[in-house]
Amino acid sequence: MSRELAKTYDPKGIEERLYEKWMKNGYFHAKVNPDKKPFTIVMPPPNVTGQLHMGHALDNTMQDILIRFKRMQGYEALWQPGTDHAAIATEVKVIEKLRSEGIDKNEIGREAFLKHAWAWKEEYGGRIINQLKKLGASADWDRERFTMDEGCSRAVNDVFIKLYNKGYIYKGSRIINWCPVCQTSISDAEVEHEDQDGFFWHINYPIVGEEGRFVEIATTRPETLLGDTAVAVNPKDERYKDLVGKMLELPLTGRQIPVIADEYVDKEFGTGCVKITPAHDPNDFEVGRRHNLEEINILNDDATINEKGGKYAGMDRYEARKVMVEDLKEMGLLVKVVPHSHSVGTHDRCGTTVEPMIKPQWFVRMHEMAQEAIKVVKNGEMKFVPERFDKPYLNWLENIRDWCISRQLWWGHRIPAYYCDECGEIVVGKETPAVCPKCGCTHFHQDEDSLDTWFSSALWPFSTLGWPDDTPEMNYFYPTDVLVTGYDIITFWVIRMVFSALEQTGKIPFHHVLIHGLVRDSLGRKMSKSLGNGIDPLEVIDRYGADALRLTLMTGNAPGNDMRFYWERVEASRNFANKIWNASRFILMNLEGKEIEKPADLSALCPEDRWILSRINTVTREVTENMDKYELGIAVSKIYDFLWDEFCDWYIEIAKVRLWKADEDPKASGEALWTLRTVLTQALKLLHPFMPFVTEEIYCTLLPEEESIMIAPWPEYDEALCFADAESAVSCMQEVVRGIRNTRTQMQVPQGRKTHVYIVAGSAEAAEQYRSCARSFVNLASASGIYVQETREGIGEDAVSIVVSNAVAFLPLEDLVDKAKELERLSKEKERLAKEISRCEGMLNNPNFVNKAPAAKVDAEKEKLAKYKEMAEKVETQLKNLA
RNA sequence: GGAAGGUUAGCUCAGCUGGGAGAGCGCUCGCUUGACGUGCGAAAGGUCGCAGGUUCGAUCCCUGUACCUUCCACCA
């Protein structure tokens with residue numbers, strides 16, 4: 001590979017090339033390996049025919065970072081990928097496609113429809129996987145699974161049968177949420193409540209046998225009147241005590257309904273009289289069951305009024321509402337209409353207002369399994385990161401209701417229940433039963449419904465590893481280590497995986513649940529198709545590279561918090577990629593044609609080299625700790641700061657002085673080069689999980705003998721590379737350099753004008769420190785010569801002084817010095833120091849502080865005080881000299 | 001009604017177990033310095049929502065409060 005690098009980093013082409021290389025070399029593949037410890041992440045399966053959005057990008061970037069980190073650390077790291085069949089979403093898409101071709105789902109029938117659906121899946125199924133690859137995802141694609149593949153389907157059937165036999169799955173006629181557009185039942189979790197402005201229609205129901213007397217009810221859905229089978233009042237409501245037991249004439253229907261008493265009614269709300277529609281309201285359903293009321297379903301599946309609705313039959317629910325209100329008005333039964341805002345349940349997939357309806361459906365009894373899922377979080381076996389997300393988890397489980405799992409869809413796992421054609425007996429099993437156990441009949445038909453998508457994704461952490469078979473993978477990789485997902489999906493998916501895993505495998509599915517927030521647009525709005533404010537991650541990758549996108553998503557946001565997306569931030573990330581690219585380019589240019597050997601004794605290196613080695617050593621320790629705690633944002637910003645500020649802005653500039661004189665002093669330049677390459681290499685390894693492409697490209701160019709940074713071992717902290725003395729020497733030097741730069745700017749010293757720098761050290765020790773890194777000043781402080789001494793001797797009276805903690809630096813800038821300004825500058829400095837001194841003294845004079853604060857804090861204050869006093873004295877001396 | 005989170009520099013946000021407030025972007029000034037102008041150097045800019053409390057000491061802990069966001073429940 002050529003060592004020539006372009007002047008700016010262009011990820012195009014490079015990313016694809018590297019990804020192909022990784023795939024070809026099989027780096028992503030994990031296998032059962034008893035010699036290594038496993039580390040497992042199961043990828044939340046995206047919709048098989050979906051497209052990558054920012055949420056996926058964030059979620060998968062986090063997973064990829066963790067998996068790459070652990071892989072480098074020597075774990076057998078499995079990132080188990082796959083896709084979800086997404087029942088409703090996919091079925092709707094296929095229906096739409098067929099419709100555009102003039103084909104009706106119901107006309108072609110189940111078999112033919114499924115053929116179309118599979119064809120659709122084959123056509124678009126690979127799309128999102130390829131998009132994930134563009135992101136750099138190092139998942140084990142050899143193990144890619146699909147919720148409807150053979151193994152997963154077997155797991156689904158197995159679980160269904162087990163739960164049925166245990167009595168945890170049952171079929172029942174209960175009130176469920178019905179989506180009239182998707183024409184299927186949906187679970188409570190799939191209903192979104194939103195406040196809508198509507199009306200309260202007050203309607204009089206005439207009391208039978210009491211001419212002119214009415215009961216006034218108030219409703220937000222007048223059309224449900226057609227299904228009323230009672231009016232309820234509170235038993236303690238004095239106003240209506242005499243009405244209980246009386247009959248009312250239900251307008252528009254000719255039916256008579258009773259007045260009943262039930263605690264459910266709130267005396268204060270509305271009129272205190274509630275129409276009861278057991279078939280179309282969950283609360284009314286409960287009341288109805290308590291009082292044995294008739295349940296009259298008045299709606300067809302498409303939410304038009306059915307034959308029970310008399311003259312309104314065939315009308316859409318909202319049209320019927322309008323007409324009925326008109327009719328009631330004409331009859332003089334409409335008392336009033338008042339505006340009223342109330343929450344309406346909508347289907348989260350299509351936004352349609354759901355209708356509660358009574359239908360025979362399959363349910364999972366939740367109470368017992370929920371208890372187990374609660375236990376593992378309460379006892380700390382399974383932990384949320386950040387911890388606060390255990391609250392919605394526990395809250396949901398503690399108030400859980402039975403889970404409606406049947407869907408009136410074809411795309412999905414068909415319910416393994418068979419009905420005897422003769423007697424209707426239900427037999428649940430893997431195959432069509434031969435003989436009815438009840439009547440001996442041999443003819444059966446399978447249940448038409450399919451299962452909720454989440455039923456199969458609930459099994460994902462183990463069905464993908466081969467369960468229900470006892471596979472080596474199950475034994476080795478399960479339970480998985482961490483699940484990474486957004487907080488919006490805890491109730492849908494996380495909970496269901498946990499209770500399913502506990503029930504089926506007896507183990508938690510994962511030890512940690514790492515929760516992230518939503519990626520919002522720059523105005524803080526949710527990205528959505530309808531708003532058109534979504535930003536396509538692929539466009540970001542195309543324009544700035546996957547590394548820039550990944551870095552953007554990982555910086556500046558805390559775990560579990562939402563973040564806003566800004567193109568400016570992507571630019572900043574891109575700039576960083578370019579920055580390290582150029583740092584590497586610089587090092588490569590200097591390495592050209594040289595063989596660099598590791599210095600025999602690192603502790604004999606100059607302070608600057610030992611400083612940067614010591615720093616990367618510390619950064620390595622800190623970053624590793626952050627990664628272990630899932631603090632990915634903190635980890636990457638430490639690497640960022642180290643590389644940009646310390647390595648590029650300081651160390652490279654320091655090293656240049658030696659590189660310029662490579663011919664004169666090959667040993668010194670060799671040491672600088674070795675250090676440059678070593679530190680950069682190590683930092684690249686730390687950065688690799690975050691920015692896999694640019695780090696790989698540089699690494700392989702820098703170390704042509706190496707195969708890939710992906711398989712390089714993760715750096716480890718090394719006690720022997722901790723050089724406190726060097727860190728202190730360099731930090732003093734930096735203090736002086738900053739002081740000099742500041743002064744030069746203030747005095748408007750022209751860029752090209754170099755000056756001598758005199759450093760009068762406060763002690764022999766300090767002098768030694770400054771001498772040891774004197775040559776660095778040449779470049780850092782635009783110095784023409786460095787003179788470290790212990791007295792002021794030989795320095796002009798009017799030299800500009802810069803006072804630091806253990807020295808005073810002087811710049812002979814005679815012609816530029818304005819005495820008055822200089823006096824002012826020093827006075828200000830004096831003032832500043834005086835403030836510091838009084839602050840320290842204040843604390844130290846406080847006996848409470850001295851007695852109660854930790855000794856280390858007190859000593860630190862004492863040291864500061866001494867330092868500031870010394871500096872103040874020096875400033876004072878300068879002021880005198882100037883005067 | 002219940003719960004969670006937020007309130008820090010002009011903007012967007014970090015800030016781990018309490019001990020002198022940080023970043024990115026923006027703004028100002030100066031730089032065609034031989035890796036990088038996708039850059040370098042120097043600055044300006046914050047009583048860390050408000051009020052109490054605990055503490056020698058609070059952006060951080062506790063209580064209350066205001067405003068914002070979200071989730072759950074209810075709404076005849």
- With ring centroids as reference points, do A:Y640 and A:F576 lie under 6.0 angstrom apart? yes

- Taking atom types as they are modelled, is there a donor-acceptor pair under 3.5 Å from the base of B:A35 to the side chain of A:E653? yes

- Centroid-centroid under 6.0 Å between A:W644 and A:F642 rings: no

- Taking only the side-chain heavy atoms of A:Y640 (C-beta and beyond), determine which of B:G20, B:G5, B:G24 contains the nearest atom. B:G24

- Query: Between A:R741 and B:A42, does any side-chain N or O lie under 4.0 Å from OP1 or OP2?
  - Reply: yes

- Note on the structure: Out of B:A35, B:A73, B:G30, minimum distance to the side chain of A:Q751 belongs to B:G30

- Got a donor-acceptor pair under 3.5 Å from the side chain of A:R564 to the base of B:U12? no

- Is any side-chain nitrogen or oxygen of A:K579 closer than 4.0 Å to OP1 or OP2 of B:C40? yes

- Query: Taking any strand in view, what nucleotide pairs with B:U54 in a Watson-Crick or G-U wobble way, both distances under 3.5 Å?
  - Reply: none

- Task: Tell me whether the OP1 or OP2 atom of B:C40 has a side-chain N or O from A:W644 closer than 4.0 Å.
- Result: yes

- Ignoring the backbone of A:K656, work out which of B:A14, B:U38, B:A35 is nearest its side chain. B:A35

- Query: Is there side-chain contact between A:K638 and A:E622, with at least one heavy-atom pair below 4.5 Å?
  - Reply: yes

- N-O pairing of A:E831 and A:K828 below 4.0 Å: no

